[in-house]
Amino acid sequence: MPREPKCRRVCAEPGCRQFSPEHCEGPPVVMSVEELEAVRLCDLEGLDQEEAAARMNVSRGTLQRVLYSARKRMAEALVFGKRLIIEGGNYEIADRECGQRSCCHCRFEKEETKTDE
């Protein structure tokens, strides 16, 4: 019997959970929250896989599998004109600041910005 998967750490819940083309064809593509976080860290924030894995509290191999799965789902939605839904997964919201000033989605940085005003 395989062990239960480890929770993956994400900075915050996604603000938008559905993306849809003007004319949807076929069933929607479902992406997990941790897949979105892997894409955000590697492709948007520009972290290498080792850094992104540390931020998500998983091994580099696990991050790589999650990232490849996410990219395949995004490609399927874009190429075939399917709706993309972000939901579910096995994740936990970060309970401490990630320590990266460049993290544009870190909820702790946003709270700090609000108190400065």
Side-chain angles (χ1 to χ4, degrees):
M1 186 160 137
R3 67 180 177 91
E4 190 169 318
K6 187 176 179 180
C7 278
R8 285 101 187 228
R9 181 181 182 270
V10 299
C11 280
E13 292 279 345
C16 186
R17 291 186 173 259
Q18 289 191 38
F19 298 89
S20 182
E22 194 171 318
H23 302 289
C24 297
E25 295 184 20
V29 175
V30 179
M31 175 186 284
S32 70
V33 174
E34 64 263 22
E35 287 174 326
L36 178 65
E37 182 75 354
V39 169
R40 184 185 74 79
L41 291 173
C42 293
D43 297 339
L44 185 62
E45 299 288 336
L47 299 180
D48 63 30
Q49 289 184 7
E50 197 68 41
E51 293 172 310
R55 295 256 299 263
M56 288 183 69
N57 197 29
V58 295
S59 70
R60 191 203 53 77
T62 296
L63 177 97
Q64 186 177 46
R65 284 188 297 277
V66 170
L67 185 60
Y68 288 169
S69 173
R71 288 176 176 165
K72 183 175 180 178
R73 292 175 199 273
M74 287 190 314
E76 180 183 353
L78 291 171
V79 170
F80 296 116
K82 295 181 177 182
R83 187 167 54 135
L84 178 64
I85 299 173
I86 302 163
E87 66 181 14
N90 187 20
Y91 67 97
E92 61 187 7
I93 302 298
D95 60 354
R96 60 181 166 76
E97 187 173 352
C98 64
Q100 298 291 323
R101 281 288 169 231
S102 64
C103 180
C104 64
H105 294 284
C106 186
R107 65 188 177 98
F108 294 98
E109 186 172 88
K110 289 179 182 175
E111 288 173 4
E112 183 179 294
T113 304
K114 289 178 184 175
T115 60
D116 289 343
E117 294 175 358

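Every heavy atom of this structure was used, including side-chain atoms; hydrogens, water molecules and symmetry mates were not.
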Spacing of CD1 belonging to Ile85 relative to CZ belonging to Arg17, to within rounding of 0.5 Å
11.0 Å
Do you know the tightest heavy-atom contact between Pro21 and Lys82?
CD-O, 3.6 Å
Going from CE on Met74 to CE on Met31, what distance comes out if it is rounded to the nearest 0.5 angstrom?
5.0 Å
Is Phe19 linked to Leu78 within one hydrophobic cluster, defined over Ile, Leu, Val, Met, Phe, Trp and Tyr using a side-chain heavy-atom separation of less than 4.5 Å?
no
Is it the case that one hydrophobic cluster holds both Val10 and Leu84, taking links as side-chain heavy atoms less than 4.5 Å apart, direct or via other members?
yes
First locate atom CG of Leu41, then atom CG of Leu67, and finally report the distance between them rounded to the nearest 0.5 Å.
9.5 Å
Taking the side chain as everything from C-beta on, heavy atoms only, tell me whether Val39 gets closer than 4.5 Å to Leu44.
no
What I want to find out is whether Glu76 reaches Arg73 closely enough, with some N-O distance under 4.0 Å, to be called a salt bridge.
no
The test is side chain to side chain contact (heavy atoms under 4.5 Å, CB included); show your working for Met56 and Glu37 and say whether it passes.
CA-CA 8 Å; Met56 288 183 69; Glu37 182 75 354; 4.0 Å; yes
Within the 4.5 Å heavy-atom criterion, are Asp43 and Arg71 side-chain neighbours or not?
yes
Leu36 side, atom CG; Glu13 side, atom CD - distance, nearest 0.5 Å:
10.5 Å
Minimum heavy-atom separation for Ala94 to Arg9, with atom names?
CB-NH2, 3.2 Å
Would you find a donor on one side and an acceptor on the other, under 3.5 Å apart, between the side chain of Gln18 and the backbone of Arg83?
no
Find the distance between CD (Gln64) and OG (Ser69) and round it off to the nearest 0.5 Å.
12.5 Å
Arg8 side chain vs Asn90 backbone, donor-acceptor pair below 3.5 Å
no
Under the side chain to side chain contact (heavy atoms under 4.5 Å, CB included) rule, what do Arg40 and Cys11 come out as? Steps first, then yes or no, please.
CA-CA 10 Å; Arg40 184 185 74 79; Cys11 280; 3.5 Å; yes
Would Val58 and Leu47 show up in the same hydrophobic cluster when neighbours are defined by side-chain heavy atoms closer than 4.5 Å?
yes
Can you tell me if Glu35 and Tyr91 form a side-chain donor-acceptor pair at under 3.5 Å?
no
Specify the closest pair of heavy atoms between Ala38 and Leu63, including all atoms of both residues, with the distance to one decimal.
CB-CD1, 4.0 Å
Working to the nearest 0.5 angstrom, can you tell me the gap between Arg60 CZ and Arg65 CZ?
9.5 Å
